[in-house]
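Working notes, structure below.
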Protein chains: 2
Amino acid sequence: MVKIADVARHANVAASTVSYVLSGKRPISPEVQARVHESIRILGYHAHAGARALASKRTNIIALVIPLRTGVHVPVLMQFVTAVAARARESDYDILLLTQDEGERGLQRVQGSSLADVLIVMDVEMQDERLPLIRALSTPTVLIGFPADPDGLTCIDLDFSAAGAACLEHLASLGHKCVGLVGSPYAVYERGTGFATRVLDGIEGAAERHGITITTHPCDPNPADVQTTVRDLLGHHPDMTGLIVHNEGVVESLVHALRTFGRRVPDDMSIVAIGPNEWAERHNLTAVALPADEVGTRAVELALAQLDGKDVPAASLLAPVLTPRGSTRPST
Amino acid sequence: MVKIADVARHANVAASTVSYVLSGKRPISPEVQARVHESIRILGYHAHAGARALASKRTNIIALVIPLRTGVHVPVLMQFVTAVAARARESDYDILLLTQDEGERGLQRVQGSSLADVLIVMDVEMQDERLPLIRALSTPTVLIGFPADPDGLTCIDLDFSAAGAACLEHLASLGHKCVGLVGSPYAVYERGTGFATRVLDGIEGAAERHGITITTHPCDPNPADVQTTVRDLLGHHPDMTGLIVHNEGVVESLVHALRTFGRRVPDDMSIVAIGPNEWAERHNLTAVALPADEVGTRAVELALAQLDGKDVPAASLLAPVLTPRGSTRPST
DNA sequence: ATGAAAGCGCTAACAC
DNA sequence: GTGTTAGCGCTTTCAT
């Protein structure tokens, strides 16, 4: 194993100089810099992560807590993860993967053993059990998602309430009077996951303002439950002409189910969705984009800013952007 | 921060004794053990990961390289990841997440800076560029997937060749004479991903043995390409009565597309798939299970065994298990 | 602008 | 069965 002393010897400088060349924490003459870099290249030197962490109290690792629960749409989850990983690497950070099922113990372990400099926690619930611990932790933390009380926490997410409202308002502007929400899977509501609850709130608020009837129905991502959902929705409201879909896994089945009830999209039923742009494009859906890349990227940036001692906004809510596509048309 | 010296003082023993209690590398009297554990509990002690890694040359971290490429079915990928993470935690290992796009540099970085004790690499191609490096690495490595030449490597995967053969033989045993393969996305073949190639080989070998006509067609997971695939397949072989599907993302569209051509499953067309069991169950598909959990778990076990200096089998091929469900019936 | 040296917290000889 | 001590490889004072 090649160590810093080897590089120092090879470049004819002190070990500390090599360290300073690498960290940039001290001005070094261009000649020495060049010599050191050259030696590093020739010898293939990499600093020992443990030794560095021990001496500097910095691991250059971000711990990312991901949910592994029913109802979480996996491709969307992975979009967050890859965005976080990519942005982290840009700043020379690595990702330590923690799973939700370790719960608070995992957080304590990471902090206790100095495994990471900062935590990013996904899939936050309105009344998340982990919040008291997270508030008490000395390790800076960024939440992707908003709990009921985000006080004292750093949170970032799409403004799901505004997103729900935007969906409803789009349908309202097209003249639709009776609208249904095909919601997330049951489990997501039962857990009180923040984004699901907020979408509902946003839609209901907007519906009230516009005098529109709104009926909501959770839905699991399988053809049978989609069929049931459509039957229930149309059974209670045969005059329903608009649907808001907040569930990435049901669209294909939904369109087919509607057809079995004689409704074609968009002629007899308009659909506005909330989900990733590529997904909406693939299905030609008018949709509010779920900007997983941006959220993940900004979560890392908030984390790094906190590490730099900058003070960061406690709440970052991204404004919804609705893109009209082929799944909506004016009500007749 | 509470350190080992604090625990030692609190328990009235030497720091090394605390270390030995934790590692079990030396016999310690029950009384001392109890006292030390009690002190650890009271003080909330966790060993500093960096310090431990520096002194012991063990990080207790497994680096997992995941693919982020077109054509990879994300839910299946995540099944591997979660299985690996869960098994790793059972043995008190953590997961460092590396993405494919870092390529060889990522592997060198992990080894160079002693970030992990062992590597697990997913999505191996037949002629994978990383193989020379992996062979040369002193860090033990486990591959999930088989390259063309697995010599000198530790690999584990489902026996995809046997899986392909099992699919074909199931259809053959039901009397089907003309069979199509709805394959993985184009990109998967273009890259020469091991499992896709091997399935093909397995099917073709079995087809030859059984005198069955087999036509293959890659397929992207969107309704339009599925439609094209079905049109091509049926256009060239109107007598086709069996389909092997090696593509988790197309089933729903496939069934609908077949219907537009007047074929119902299983009455006019039998389908045998390769994919995760829950997925096959959800779609009521006769299928060879893709045991992502078992593969992930065993990959970790192979990795840990290598760390223990045990010598492990170079190649672990899991035998395919085909479960008949509702998507196949005898040819009429 | 550079060097020398003192730790960072832990493990693993080496003692007894 | 337990204590003492010498590093592990790096960063960061302190010194020049």
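None of these values were measured; they are calculated from a predicted model.
Interatomic distance, CD1 of B:Ile62 versus CG of A:Leu97, reported as 12.0 Å (0.5 Å rounding). Put simply, CG on A:Asp117 and CG on A:Asn60 are 6.0 Å apart, with the number rounded to the nearest 0.5 Å. Here the CD-CD distance, from B:Glu102 to B:Gln100, works out to 11.0 Å after rounding to the nearest 0.5 Å.
Taking the screw axis at each terminus of the helix from C:dA1-D:dT16 to C:dC16-D:dG1 from five consecutive base pairs, the angle between the two is 30° to within rounding of 10 degrees.
Ion pairing between B:Asp6 and B:Arg9 holds under the 4.0 Å rule for side-chain N and carboxylate O. Checked for salt-bridge contact, B:Arg41 and B:Glu38 meet the test: a charged N lies under 4.0 Å from a carboxylate O.
In summary, contact between chain B and DNA chain C, defined as any nucleotide atom under 4.0 Å from a heavy atom of the protein, begins and ends at C:dG9 to C:dC14 in the 5' to 3' direction.
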**Prompt:** So A:Val121 and A:Ile144, side-chain contact (heavy atoms from CB on, under 4.5 Å) or not? Walk me through it.
**Reply:** CA-CA 6 Å; A:Val121 177; A:Ile144 294 183; over 6 Å; no
**Request:** Please step through side-chain contact (heavy atoms from CB on, under 4.5 Å) for the pair A:Leu290 and A:Val76, ending with a clear verdict.
**Result:** CA-CA 9 Å; A:Leu290 176 52; A:Val76 175; 3.8 Å; yes
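Side-chain atoms of B:Thr193 do not come within 3.5 Å of backbone N or O of B:Phe195 as any donor-acceptor pair. Put simply, the side chain of A:Arg58 never gets that close to the backbone of A:Ala53: no donor and acceptor are under 3.5 Å apart.
Considering only heavy atoms from C-beta on, B:Pro147 stays 4.5 Å or farther from B:Glu125 through its side chain.
Place B:Gln33 and B:Ser56 on DNA chain D by their nearest nucleotides, and B:Gln33 ends up nearer the 5' end.
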Pair up each side-chain donor or acceptor in residues 295-315 of chain A with any protein partner under 3.5 Å, not counting sequence neighbours, and list the distances.
{"from": "A:Thr297", "atom 1": "OG1", "to": "A:Asp293", "atom 2": "O", "distance (Å)": "2.7"}
{"from": "A:Glu301", "atom 1": "OE2", "to": "A:Arg87", "atom 2": "NE", "distance (Å)": "2.8"}

Tabulate below the donor-acceptor pairs under 3.5 Å that side-chain atoms of residues 13-28 of chain B make, not counting sequence neighbours, or state none.
{"from": "B:Ser23", "atom 1": "OG", "to": "B:Ser19", "atom 2": "O", "distance (Å)": "3.3"}
{"from": "B:Ser23", "atom 1": "OG", "to": "B:Lys25", "atom 2": "N", "distance (Å)": "3.3"}

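Taking atom CG on A:Leu22 and atom P on D:dG9, their separation rounds to 16 Å, with Å as the unit. Distance NZ (A:Lys25) to P (D:dT11): 8 Å, rounded to an integer number of Å. Protein atom CZ of A:Arg58 is 16 Å distant from nucleotide atom C1' of D:dC10, rounded to whole Å.
Taking both residues in full, the closest heavy atoms of A:His46 and B:Gln108 are given as NE2-O, 4.0 Å, listed atom of the first, atom of the second, then distance.
Of the residues in residues 37-53 of chain A, those lying under 4.0 Å from DNA chain D by heavy-atom distance are A:Tyr45, A:His46, A:Ala47, A:His48, A:Ala51, A:Arg52.
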For nucleotides 3-5 of chain D, list the nitrogen or oxygen atoms of the protein found under 3.5 Å from its nitrogen or oxygen atoms, one pair per line.
{"from": "D:dG3", "atom 1": "OP2", "to": "B:Ala14", "atom 2": "N", "distance (Å)": "2.8"}
{"from": "D:dG3", "atom 1": "OP2", "to": "B:Thr17", "atom 2": "OG1", "distance (Å)": "2.7"}
{"from": "D:dG3", "atom 1": "N7", "to": "B:Arg26", "atom 2": "NH1", "distance (Å)": "3.4"}
{"from": "D:dG3", "atom 1": "O6", "to": "B:Arg26", "atom 2": "NH1", "distance (Å)": "3.3"}
{"from": "D:dG3", "atom 1": "O6", "to": "B:Arg26", "atom 2": "NH2", "distance (Å)": "2.2"}
{"from": "D:dT4", "atom 1": "O4", "to": "B:Ser16", "atom 2": "OG", "distance (Å)": "3.0"}

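When heavy atoms are screened at a 4.0 angstrom cut-off, A:Ser19 is found touching base atoms of the nucleic acid.
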